[in-house]
Number of protein chains: 2
Amino acid sequence: MDKRKKEKLAKKGWKVGSVAEFLDLSAEESAYIEMKLALSEKLRERRRRKKLTQAELAKAIESSQSRVAKMEAGDPTVSIDLLVKSLLALGMSKKELGRTIS
Amino acid sequence: MDKRKKEKLAKKGWKVGSVAEFLDLSAEESAYIEMKLALSEKLRERRRRKKLTQAELAKAIESSQSRVAKMEAGDPTVSIDLLVKSLLALGMSKKELGRTIS
DNA sequence: TTACAATATGTCAGTTATGACATATACTGC
DNA sequence: GCAGTATATGTCATAACTGACATATTGTAA
């Protein structure tokens, strides 16, 4: 099974913690995916707290609604870089980001 | 001044903290760069602690010596994703990564 | 139900990151 | 000085990510 497929499955329904055994991911692979999922969730949370639609957030960060949706869905084509930049744009601090990742 | 140039300069000699004012980066931009630099430094530190050459590390993570050098130099063409994956491969935990970023 | 807003999913052309390679520079011991 | 090793820098073809768009699905209020 290729990595893309794995990540795509990983975020669908399978709650963090059981992902690894089910898909036989290495420790590093699952840590990486868990980090991305944590950032995804924080993004949605932050956006909602600010009462923004995906389209509005997209405009603010010069992206598109579809990409925001993919970020929040933990889509494997989304980089950590983009997630981090978006969260910073939403006012998150390095410290909070650090805590989110852990 | 374009972003590439900024980041390239940012890592050369100008110690974190004065970067922002000197290059008039936004708060988010400098936070992003500071995070990358922190990860870069950790990578070099971890690699050296394990007594690995850049070439050896490169082989372990299926990359190249030149890319490892660029990672450690904070080169703007290096993504956070690659830095994170490399650090995970070196045995770093999510928790440590979180602390590094903060 | 219907109508509308929000979100999700698929695709794709343009951009950026990547590994690989060549080559330059720095570092070490002789 | 010289050799040998490690690291740095530049370039390039390929791969991965990106915003944009179309369209589907879900949510929600009347």
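We use all heavy atoms of the structure for the numbers below, so side chains are in, but hydrogens, waters and symmetry mates are not. Chain letters run A, B, ... following the sequence lines, proteins first, then strands; residues in each count from 1.
What you find for A:Ser64 and A:Ala58 is that their closest heavy atoms are C-CB, 3.3 Å.
For B:Leu52 and D:dT5, the CG to P distance is 18 Å, given to the nearest whole Å. The CD-P distance, from A:Glu56 to C:dA6, rounds to 7 Å in whole Å. Going from atom CD of B:Gln54 over to atom C1' of C:dA20 covers 15 Å, rounded to whole Å. Atom pair B:Lys50:NZ and D:dA6:P shows a separation of 18 Å (rounding to whole Å applied). Taking atom CG of residue A:Asp75 and atom C1' of nucleotide C:dG10, one finds them 10 Å apart after rounding to whole Å. Atom CG in A:Asp81 sits roughly 8 Å away from atom P in C:dT18 (whole-Å rounding). Atom-to-atom, CD1 of A:Ile80 to C1' of C:dT16 comes out at 17 Å; the value is rounded to the nearest Å. Between the C1' atom of D:dA20 and the CG atom of A:Leu57 lies a distance of 16 Å, rounded to the nearest Å.
Using a 4.0 Å heavy-atom cutoff across all strands shown, B:Val78 reaches sugar-phosphate atoms only and no base atom. Backbone-only contact: A:Arg44 has heavy atoms under 4.0 Å from sugar-phosphate atoms and none from a base.
Side chains of A:Thr100 and A:Leu87 form no contact here, defined as non-hydrogen atoms less than 4.5 Å apart. At a threshold of 4.5 Å between non-hydrogen side-chain atoms, the residues B:Arg44 and B:Gln54 count as touching.
Checking D:dC17, D:dG19, D:dA8 against every side-chain atom of A:Leu82, the shortest atom distance belongs to D:dG19.
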Review point. Run the salt bridge (Lys or Arg N to Asp or Glu O under 4.0 Å) check on A:Lys42 and A:Glu45 step by step: do they pass?
Key: CA-CA 5 Å; A:Lys42 261 288 185 262; A:Glu45 186 184 313; 3.4 Å; yes
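For B:Ala31, the side-chain contact (heavy atoms from CB on, under 4.5 Å) partners two or more places apart in sequence, or in a different chain, are A:Leu88, A:Lys94.
A donor-acceptor contact under 3.5 Å is formed by the side chain of B:Gln65 with the base of D:dA8.
Between B:Arg47 and D:dT7 there is a side-chain polar atom (N or O) within less than 4.0 angstrom of OP1 or OP2. Distances shown here put every side-chain N or O of A:Thr53 at or beyond 4.0 Å from the OP1 or OP2 atom of C:dA6. Note on A:Ser64: every side-chain N or O is 4.0 Å or more away from OP1 and OP2 of D:dC21.
A salt bridge links A:Arg47 and A:Glu72; the closest N-O separation between the charged side-chain nitrogens and carboxylate oxygens is under 4.0 Å.
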Could I get a table of every N or O pair under 3.5 Å where one atom is in the protein and the other is in nucleotides 11-15 of chain D?
unit_1: D:dT11; atom_1: O4; unit_2: B:Lys70; atom_2: NZ; d: 3.0

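If you run side chain to side chain contact (heavy atoms under 4.5 Å, CB included) between B:Met71 and each of B:Leu82, B:Leu57, B:Leu39, only B:Leu82 comes through.
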